[in-house]
Amino acid sequence: MKEDPVAFRLDCGATWLNLLATRGRAFGARPVERLPDPVRFAEWLGLCDLAPVQPPHQDDLDRAVRLRETLRPIALATVDGRPPEDDDVRSLETFLGQDDPVALSVDGRLVRSAPPSTRTALARIARQAVDHLTGPQRDDLKVCPEGDCRGVFADPAGRRRWCPSPACASRGRVRALRARRSASAGTQGR
């Protein structure tokens with residue numbers, strides 16, 4: 001069964017990491033945009049329990065893409081043990097300033113009130129990212145070694161090599177098998 005390239009990735013370990021995954025193969029020749037319009041963005045927010053009271057518009061989607069592309073280099077720098085660029089940090093700070101009144105309720109489980117706006121939903125995602133990137137959980141972050149992917153994901157057990165995408169793991173395993181076979185053929189020919 002072939003993986004749907006535009007299916008949402010909701011298995012990266014945190015909502016902010018799933019936001020990064022809304023652009024697949026981000027470093028490849030043909031990136032996959034999983035948030036092409038406000039309707040699809042609204043669907044993603046709903047799946048992340050962040051559906052705002054007011055549905056998102058195009059400017060909200062543009063802001064979400066800016067947040068995603070601001071977080072990506074910061075996350076990659078964090079995993080690489082490098083300080084992020086000052087401009088990226090300043091840009092991230094612009095997403096954090098929203099007031100976010102919190103109301104909790106119980107509806108079969110603990111539930112947080114819906115964000116009143118998409119800006120507030122994005123502020124929640126930005127705060128989650130900041131908490132993750134500045135706390136001890138940052139050590140659980142990894143980057144997929146596939147050159148066209150370089151997706152960031154949480155790996156608290158320290159066992160994953162590739163991002164959760166089956167395509168990346170499959171390509172990596174095939175490449176490793178070919179390398180082993182090539183090396184084996186080279187040693188047998190001597």
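Values below: all heavy atoms of this structure, side chains included; hydrogens, waters and symmetry mates excluded. Here the structure is a predicted model, which is why all the values come from computation and not from measurement.
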message = Taking atom CZ as the centre, does R90 end up with more than 12 heavy-atom neighbours from other residues, nucleotides or ligands that are less than 6.0 angstrom away?
response =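 Enclosed.
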
Review point. Taking everything shown except E93 itself, do over 12 heavy atoms lie less than 6.0 Å from its CD?
Key: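 Counting other residues, nucleotides and ligands, CD of E93 exceeds 12 neighbours.
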
How far does [atom1] of [X] sit from [atom2] of [Y], to the nearest 0.5 angstrom?
X: S117; Y: D100; atom1: OG; atom2: CG; result: 8.5 Å
X: T15; Y: Q128; atom1: OG1; atom2: CD; result: 4.5 Å
X: L96; Y: T94; atom1: CG; atom2: OG1; result: 7.5 Å
X: L67; Y: L122; atom1: CG; atom2: CG; result: 6.0 Å

Is the shortest heavy-atom distance from the side chain of [X] to the side chain of [Y] under 4.5 Å?
X: S165; Y: C144; result: no
X: R9; Y: F153; result: no
X: K142; Y: V152; result: no

Identify all side-chain donor-acceptor contacts of residues 21-28 below 3.5 Å with residues at least two apart in sequence or on another chain.
{"unit_1": "T22", "atom_1": "OG1", "unit_2": "L19", "atom_2": "O", "d": "2.6"}
{"unit_1": "T22", "atom_1": "OG1", "unit_2": "R68", "atom_2": "NH1", "d": "3.0"}

Hey, is the main chain of [Y] close enough, under 3.5 Å, to the side chain of [X] for a donor-acceptor pair?
X: R150; Y: G147; result: no
X: R63; Y: D59; result: no
X: D155; Y: R159; result: yes
X: D60; Y: H57; result: yes

| Salt bridge or not for R160 and D11, using N-O below 4.0 Å? |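 Result for this pair is no, no salt bridge flagged.
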
[X], [Y]: one ILVMFWY side-chain cluster at the under-4.5 Å cut-off?
X: L10; Y: I125; answer: yes
X: F8; Y: V65; answer: yes
X: V111; Y: V102; answer: no
X: L47; Y: V53; answer: no
X: V39; Y: L50; answer: no

Taking all heavy atoms of [X] and all of [Y], pick out the closest pair and write down the distance.
X: L92; Y: A126; result: CD1-CB, 4.1 Å
X: P56; Y: L45; result: CG-CD1, 4.1 Å
X: F41; Y: T118; result: CE2-CG2, 3.5 Å
X: N18; Y: C12; result: OD1-N, 3.0 Å

Donor-acceptor pairs under 3.5 angstrom involving side-chain atoms of residues 70-77: please list them, not counting sequence neighbours.
{"unit_1": "T70", "atom_1": "OG1", "unit_2": "R66", "atom_2": "O", "d": "2.7"}
{"unit_1": "T70", "atom_1": "OG1", "unit_2": "S91", "atom_2": "OG", "d": "3.1"}
{"unit_1": "R72", "atom_1": "NE", "unit_2": "E69", "atom_2": "OE1", "d": "3.1"}
{"unit_1": "R72", "atom_1": "NH2", "unit_2": "L20", "atom_2": "O", "d": "3.3"}
{"unit_1": "R72", "atom_1": "NH2", "unit_2": "E69", "atom_2": "OE2", "d": "3.1"}

Give every residue pair that meets the ring-ring contact (aromatic ring centres under 6.0 Å, His included) criterion with at least one member in residues 121-148, sequence neighbours excluded.
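Checked against ring-ring contact (aromatic ring centres under 6.0 Å, His included) - neighbours excluded - the pairs reaching residues 121-148 are W16-H132.
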
Margin query: V6 vs R40, test: side chain to side chain contact (heavy atoms under 4.5 Å, CB included). Steps then yes/no.
Written below: CA-CA 10 Å; V6 295; R40 188 88 161 122; 4.2 Å; yes

Evaluate the salt bridge (Lys or Arg N to Asp or Glu O under 4.0 Å) criterion for residues R109 and D49: first the C-alpha distance (whole Å), next the side-chain angles of each, then the deciding distance (0.1 Å), finally the verdict.
CA-CA 13 Å; R109 63 181 175 95; D49 290 333; 3.7 Å; yes

